[in-house]
Amino acid sequence: MIGVLGLQGAVAEHRRALADLGVATAVVRRPEELTGLRGLVIPGGESTTMSKLAIDLGLMEPIRAAIAGGLPALGTCAGLIMLADTVLDGRADQEQFGGLDIVTRRNAFGRQVDSFEAPVEVHGLSRPFPGVFIRAPWVESTGPGVETLATISRQGVDRAVALRSGAVLATAFHPELTGDRRIHELFLQTCAGQGSDC
Ligand code: GLN
């Protein structure tokens with residue numbers, strides 16, 4: 001059973017993607033719903049809202065602890081922000097679950113290209129992935145142990161937009177808003193790679 005954090009955002013889309021791969025999901029809105037999960041998806045949406053709701057519902061600490069303890073996690077767009085250890089251009093009171101040793105910048109691509117689609121070359125995938133970027137963050141630096149799986153070039157600089165560290169996988173784009181299930185498959189492989197703990 002894979003949990004999908006159900007506070008806000010593209011919850012149904014992630015559940016549909018995992019259902020397409022034959023995986024049962026449960027919506028997580030309360031701390032006790034984390035029990036027994038083999039992975040947790042944190043959807044795209046709005047990280048400031050997600051942070052506020054997670055604090056209000058008592059989910060911030062339990063999810064932090066679960067991810068720190070090795071629970072596999074997939075975060076997309078706002079979900080990437082929620083997994084980042086450091087967030088730039090966040091709200092002052094915004095908090096994250098953390099677990100991914102990166103510095104990310106919210107809404108980084110700027111107004112002119114608020115939303116765009118671009119093919120993304122992802123390590124381990126044989127064909128480019130259709131990247132749907134909606135007020136997306138980018139990643140400005142990564143710590144040791146973080147593998148950059150994909151970058152896109154902006155103003156002559158390569159920005160990381162897909163990353164993996166241990167059992168944590170994150171994308172700045174929205175695989176749940178496409179019919180392409182390969183990022184979700186990668187996540188399920190990450191879970192399987194964790195052996196009996198996962
Ligand atoms: N800009 C949003 C945030 O800061 C993320 C956008 C998204 O998930 N599409 O949370």
Side-chain angles (χ1 to χ4, degrees), residues 2-18 25 27-29 39-57 59-60 63-64 67 73-120 122 129-142 148-152 154-155 159-164 168-184 186-187:
I2 301 281
V4 179
L5 185 63
L7 303 180
Q8 190 265 337
V11 179
E13 290 83 350
H14 273 293
R15 298 191 75 194
R16 191 169 313 126
L18 289 164
T25 58
V27 175
V28 174
R29 292 199 187 95
L40 180 65
V41 176
I42 303 162
E46 175 52 53
S47 59
T48 55
T49 309
M50 236 181 268
S51 163
K52 183 181 183 320
L53 291 171
I55 294 167
D56 290 352
L57 296 170
L59 276 165
M60 191 58 82
I63 293 181
R64 252 180 213 152
I67 294 171
L74 167 66
T76 63
C77 200
L80 175 147
I81 296 169
M82 293 303 295
L83 289 170
D85 285 348
T86 307
V87 175
L88 304 177
D89 292 340
R91 268 179 47 158
D93 58 353
Q94 175 167 6
E95 292 185 29
Q96 300 87 241
F97 305 128
L100 193 54
D101 182 7
I102 60 170
V103 177
T104 188
R105 186 177 295 278
R106 289 180 64 227
N107 303 330
F109 289 95
R111 284 213 179 140
Q112 297 305 314
V113 285
D114 238 0
S115 301
F116 61 98
E117 295 191 25
V120 181
V122 181
F129 194 89
V132 175
F133 294 84
I134 303 170
R135 289 178 63 74
W138 69 33
V139 175
E140 302 211 345
S141 64
T142 57
T148 296
L149 298 178
T151 60
I152 63 171
R154 276 294 176 272
Q155 288 143 10
R159 302 291 186 180
V161 292
L163 308 109
R164 179 162 52 197
V168 176
L169 181 65
T171 63
F173 50 90
H174 287 270
E176 74 276 20
L177 300 185
T178 73
D180 194 320
R181 303 305 183 216
R182 289 177 294 159
I183 295 289
H184 290 85
L186 216 53
F187 176 54

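Just so it is clear, the structure is predicted and the values come from calculations on it, not from any experiment. Atoms within each ligand, like the ligands themselves, are counted from 1 in listed order. Computation of the quantities below employed the complete heavy-atom set of this structure, encompassing side-chain atoms and omitting hydrogens, waters and symmetry-equivalent molecules.
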Quiz prompt | Enumerated ligand 1 atoms positioned under 4.0 Å from heavy atoms of Glu46 | solution = 2 (C), 3 (C), 4 (O), 10 (O)

Quiz item: Taking only heavy atoms of Ser47, which atoms of ligand 1 are found under 4.0 Å from at least one of them?
Solution: 3 (C), 4 (O), 10 (O)

Quiz item: Which ligand 1 atoms are under 4.0 Å away from a heavy-atom of Ile81?
Solution: 3 (C), 4 (O), 10 (O)

Exercise. Say whether, by atom type as modelled, one donor and one acceptor occur between the side chain of Thr104 and the main chain of Ile81 under 3.5 angstrom.
Key: no

Quiz item: What part of Ile134, side chain from CB on, backbone N/CA/C/O, both or neither, has a heavy atom under 4.0 Å from ligand 1?
Solution: both

Quiz item: For ligand 1, which atoms, with element, lie under 4.0 Å from some heavy atom of Arg106?
Solution: 3 (C), 4 (O)

Quiz item: Is the Lys NZ or Arg CZ of Arg154 less than 6.0 Å from the centre of Phe133's six-membered ring, within 45° of the axis?
Solution: no

Quiz item: Can you check whether Gly99's main-chain N or O pairs, donor with acceptor, with Asp85's side chain at less than 3.5 Å?
Solution: yes

Quiz item: Is the Trp138 ring parallel, tilted or perpendicular to the Phe109 ring (thresholds 30°, 60°)?
Solution: perpendicular

Quiz item: Taking atom 5 (C) of ligand 1 as the point of reference, which of Gly44, Gly45, Ala108, Gly90 owns the nearest heavy atom?
Solution: Gly45

Quiz prompt | Heavy-atom pair of closest approach, residues Val28 and Gly3 | solution = CG2-CA, 4.0 Å

Quiz item: Any heavy atom of Met50 sitting closer than 4.0 Å to ligand 1?
Solution: no

Quiz item: Less than 3.5 Å between some nitrogen or oxygen of Ala78 and one of ligand 1, yes or no?
Solution: yes

Exercise. Look only at interatomic distance and state if Ala136 has a nitrogen or oxygen under 3.5 Å from any nitrogen or oxygen of ligand 1.
Key: no

Quiz item: Backbone N or O of Thr25 within a donor-acceptor pair of the Arg15 side chain at under 3.5 Å?
Solution: yes

Quiz item: Quick one: does His174 get an N or O within less than 3.5 Å of an N or O on ligand 1?
Solution: yes

Quiz item: Looking only at heavy atoms, is any part of Thr76 under 4.0 Å from ligand 1, and if so is it the side chain, the backbone, or both, or is it neither?
Solution: neither

Quiz item: Under the 3.5 angstrom rule, does the side chain of Arg64 hit a backbone N or O of Gln96 as a donor-acceptor pair?
Solution: yes

